[in-house]
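Structure first, then comments.
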Amino acid sequence: MKNMRLDRFLSNSGIGSRKEVKAIIKAQRVLVDDKIVKDPGFIIDPSKTKVMVDNQPVVYKKFYYLMLNKPAGVISATRDNLHQTVVDLLPPQYQHLSLFPVGRLDKDTEGLLILTNDGKLAHRILSPKKRVPKTYYAVIEGKVTFEDIQAFQRGIKLDEDFTTLPAQLTILKSCDRSQVHVTIFEGKYHQVKRMFEAVDKKVVYLKRISMGNLCLDQNLMPGQVRELTQEELNLFME
Ligand code: URA
């Protein structure tokens, strides 16, 4: 691991913003190899140096992987002048880690969103070549039919030069307000909504329930977040 400044190390470890950790260092609350260090620019080797804040060891993690159950009403961005973002929802210890959402959900869409600072993992999940399946639960205004299943299976033409890959549509309930599961293999703008529009139906509720083999944790309430387990992370490493 590369050597780095003490303030950066502490900030990347979730202790606080650069400004906050500088204050913590100045307040002599930081021990480096058992000695108080007052210089935020002090260089350490994260793999060797023992760092303690208020006598608690600081464990350095280069990458963070979070699962968020995105609520409706927030946007899948890191920063926005007008709207609350998914990053605004994170607990303080995750605020200063430059985390970003892996892909986007519409403002009114809920469900599984991964946030990370690992660009390679994000690429692995988002790369069109990988065709990582994304499954949504949706409520549809209108009766979803077997013909719709067949149309989705053929691929839906969204515009002149784009037809989706074959998508799997499963009807959970077919009536005036139908309930379905739909699995798509790309991530085009408003894709699920536009696919239903193409068969003259309207999505009135949309929630992502899985990406690849990773399922949304049923215990996470909307707005709640937790770190992925190593097992869950491995699902994307194959
Ligand atoms: N498809 C949509 O239409 N919206 C989303 O948020 C995700 C997929």
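Ligands are counted one by one from 1 in listed order, and the atoms in each one are counted from 1 as well. Heavy atoms only: backbone and side chains are in, while hydrogens, waters and symmetry mates are out.
- Listed here is the closest heavy atom pair of Leu113 and Ser76: CD2-OG, 4.0 Å.
- Of the protein's non-hydrogen atoms, Val192 N, 3.1 Å is the one closest to atom 1 (N) of ligand 1.
- Against a heavy-atom cut-off of under 4.0 Å, Thr109 is close to the following atoms of ligand 1: 4 (N), 5 (C), 6 (O).
- Atoms of ligand 1 lying under 4.0 Å from any heavy atom of Leu206, numbered from 1 in the order shown and given with element: 1 (N), 2 (C), 3 (O), 4 (N), 5 (C).
- With hydrogens left out, the protein atom closest to atom 4 (N) of ligand 1 is Asp106 OD2, 2.7 Å, a heavy atom.
- Residue His190 has at least one heavy-atom neighbour below 4.0 Å for each of these atoms of ligand 1: 1 (N), 2 (C), 3 (O).
- Judged by distance alone, the side chains of Glu227 and Tyr94 do bring a donor and an acceptor atom under 3.5 Å apart.
- Scanning all protein heavy atoms for the shortest distance to atom 7 (C) of ligand 1 gives Tyr136 OH, 3.5 Å.
- Open room surrounds CZ on Arg131; 12 or fewer heavy atoms of other groups in view lie less than 6.0 Å from it.
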Checklist entry - Stepwise, does the ring-ring contact (aromatic ring centres under 6.0 Å, His included) test hold for Phe196 with Phe152? => result CA-CA 9 Å; Phe196 277 99; Phe152 274 50; 4.9 Å; yes
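- Residue Lys193 has at least one N or O atom closer than 3.5 Å to an N or O atom of ligand 1.
- Cluster membership for Val102 and Leu66, using ILVMFWY side-chain heavy atoms within less than 4.5 angstrom, is not shared.
- Of all non-hydrogen atoms in Lys26 and Lys38, the two that sit nearest each other are NZ-O, 3.8 Å.
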